[in-house]
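For reference, the structure discussed in these notes is given below.
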Amino acid sequence: MDDMEWAFFEPFLRAVRGRGGRPASDHRRVLDAIFWIARTGSPWRDLPEEFGKWSSVYRQFRRWTLAGLWELILDVLNDSGTRPGQVQMIDSTIIRAHHLAAGAKGGPQKEGFGRSKGGFTTKIHLIANAHGLPVRAEISGGEVSDFKGFDALVDDDLPEARVFIADRGYDSNHIRSVITRRGGTPVIPGKINRKEPIHIDAITYALRNRVERCFNKLKCSRRLATRYDKTATSYLGFIHIVAARLWVRNLST
């Protein structure tokens, strides 16, 4: 990472560093190593020697992940007001899990990531803002409905939006009532079998492509495009890491 990006991440890493922990210079190298793993999707054991011992980098990644560091950084970015989230949109995408992520104890099966006809799959549920930047992410088994994904993402901590956009897969009275109760206007096409048609503003609905573009940017990191991680916490951690980097790069332009 360049100096500008390090200047953003450094205060967060210093805040979670315990007594006797690594110095800041080592933290920068470790974070660079984590970014390299996220980008390439390589096994931890294949980490180049210039990043240090792979097992030490992995242990530090797990410490930061279990401490909720990556999710905290994403929340801070969203709460900063630099990219207002008055317009939000939701979508999901299916990720194929590598066979090495599917067989170990504590892997996808044990965590509720079930087997579908296409094999082991994970679904990423994502809310993005009008700038195409991630607001919140969650993961589930590939067979889990988008309705449940919506409930997992939308809670009292989620910043309220005036407009909430989704495709017709999210068309339900429950979802519409939740959005309205939170002070927003749902822009969701009605399903074909609805007795009363739902009219939406086509120009506003066209913004929904930005959440799809957000997914495309996230999947440029191979660690996200294919699930190699055996635990849900590690995989979700990488999603938050890449999401935070999208924010930082957007703010620097």
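- Interatomic distance, Leu236 CG to Arg227 CZ, rounded to the nearest 0.5 Å: 9.5 Å.
- Side-chain contact between Ile127 and Val154: present, with at least one pair of heavy atoms (C-beta onward) separated by less than 4.5 Å.
- With sequence neighbours excluded, no residue satisfies salt bridge (Lys or Arg N to Asp or Glu O under 4.0 Å) with Asp2.
- With sequence neighbours left out, His174 forms a side chain to side chain donor-acceptor pair (under 3.5 Å) with Asp151.
- Distance alone, capped at 3.5 Å, is enough to place a donor-acceptor pair between the Asn129 side chain and the Gly132 backbone.
- Residues forming a ring-ring contact (aromatic ring centres under 6.0 Å, His included) with Phe8 (at least two apart in sequence, or on another chain): Phe12.
- Proximity of a side-chain donor or acceptor of Asp155 to a complementary backbone N or O of Ala152 within less than 3.5 Å is not detected.
- Taking CG from Leu13 and CD from Gln60, the interatomic distance works out to 8.5 Å, rounded to the nearest 0.5 Å.
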- request: Output, in order, the C-alpha distance, side-chain angles, deciding distance and verdict of ring-ring contact (aromatic ring centres under 6.0 Å, His included) for Trp6 and His27.
  value: CA-CA 10 Å; Trp6 169 240; His27 277 341; 7.6 Å; no
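- Listed by chain and number, the residues in a ring-ring contact (aromatic ring centres under 6.0 Å, His included) with Tyr235 amount to none (sequence neighbours excluded).
- Proximity of a side-chain donor or acceptor of Arg28 to a complementary backbone N or O of Met1 within less than 3.5 Å is detected.
- Proximity of Trp70 to Ile34: side-chain heavy atoms (C-beta onward) are separated by under 4.5 Å at one or more points.
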task: Could you walk me through whether Phe35 and Phe238 pass ring-ring contact (aromatic ring centres under 6.0 Å, His included), step by step?
output: CA-CA 9 Å; Phe35 289 167; Phe238 275 115; 9.8 Å; no
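- Every residue meeting the side chain to side chain donor-acceptor pair (under 3.5 Å) condition with His125, not counting sequence neighbours, appears here in chain and number order: Ser140.
- Looking at Asp91, its side chain never comes within 3.5 Å of a backbone N or O of Glu212 through a donor-acceptor pair.
- A side-chain contact (heavy atoms from CB on, under 4.5 Å) with Ile188 is found for exactly one of Ile198, Ile200, Ile179, namely Ile179.
- Atom-to-atom distance recorded for Arg194:CZ and Ser172:OG is 8.0 Å, nearest 0.5 angstrom.
- Under 3.5 Å, the side chains of Arg62 and Ser234 contain a donor-acceptor pair of N or O atoms.
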Would you list the atom pairs, donor with acceptor, under 3.5 Å between side chains in residues 161-168 and any protein atom, with sequence neighbours excluded?
residue, atom, partner, partner atom, Å
Asp167, OD1, Gly169, N, 2.9
Arg168, NE, Gly190, O, 3.3

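- Checked against salt bridge (Lys or Arg N to Asp or Glu O under 4.0 Å), Glu160 has no partners two or more places apart in sequence or in another chain.
- To the nearest 0.5 angstrom, Trp247 atom CH2 is 6.0 Å from Leu77 atom CG.
- Here Ile139 contributes atom CD1 and Ile95 contributes atom CD1; the two are 10.5 Å apart, rounded to the nearest 0.5 Å.
- Not counting sequence neighbours, the partners of Arg245 by the side chain to side chain donor-acceptor pair (under 3.5 Å) test are Glu5.
- One side chain, Arg83 or Asn250, offers a donor N or O that lies under 3.5 Å from an acceptor on the other.
- For residues 34-47, the set of pairs meeting the salt bridge (charged side-chain N to carboxylate O under 4.0 Å, His left out) definition, not counting sequence neighbours, is empty.
- Residues passing the side chain to side chain donor-acceptor pair (under 3.5 Å) test with Thr180, sequence neighbours excluded: none.
- Listed by chain and number, the residues in a salt bridge (Lys or Arg N to Asp or Glu O under 4.0 Å) with Asp146 are Lys123 (sequence neighbours excluded).
- Here Phe61 and Trp44 bring their ring centres to under 6.0 angstrom of each other.
- Taking each heavy atom of Ala128 and Val211 in turn, the nearest pair found is CB-CG2, 3.9 Å.
- The salt bridge (charged side-chain N to carboxylate O under 4.0 Å, His left out) pairs that include a residue from residues 174-183 are Asp171-Arg176, where partners are two or more places apart or lie in different chains.
- Between the CZ atom in Phe150 and the CD1 atom in Ile175 there is a gap of 5.0 Å [rounded to 0.5 Å].
- The backbone N or O of Arg223 sits nowhere less than 3.5 Å from a side-chain atom of Ser221 that would complete a donor-acceptor pair.
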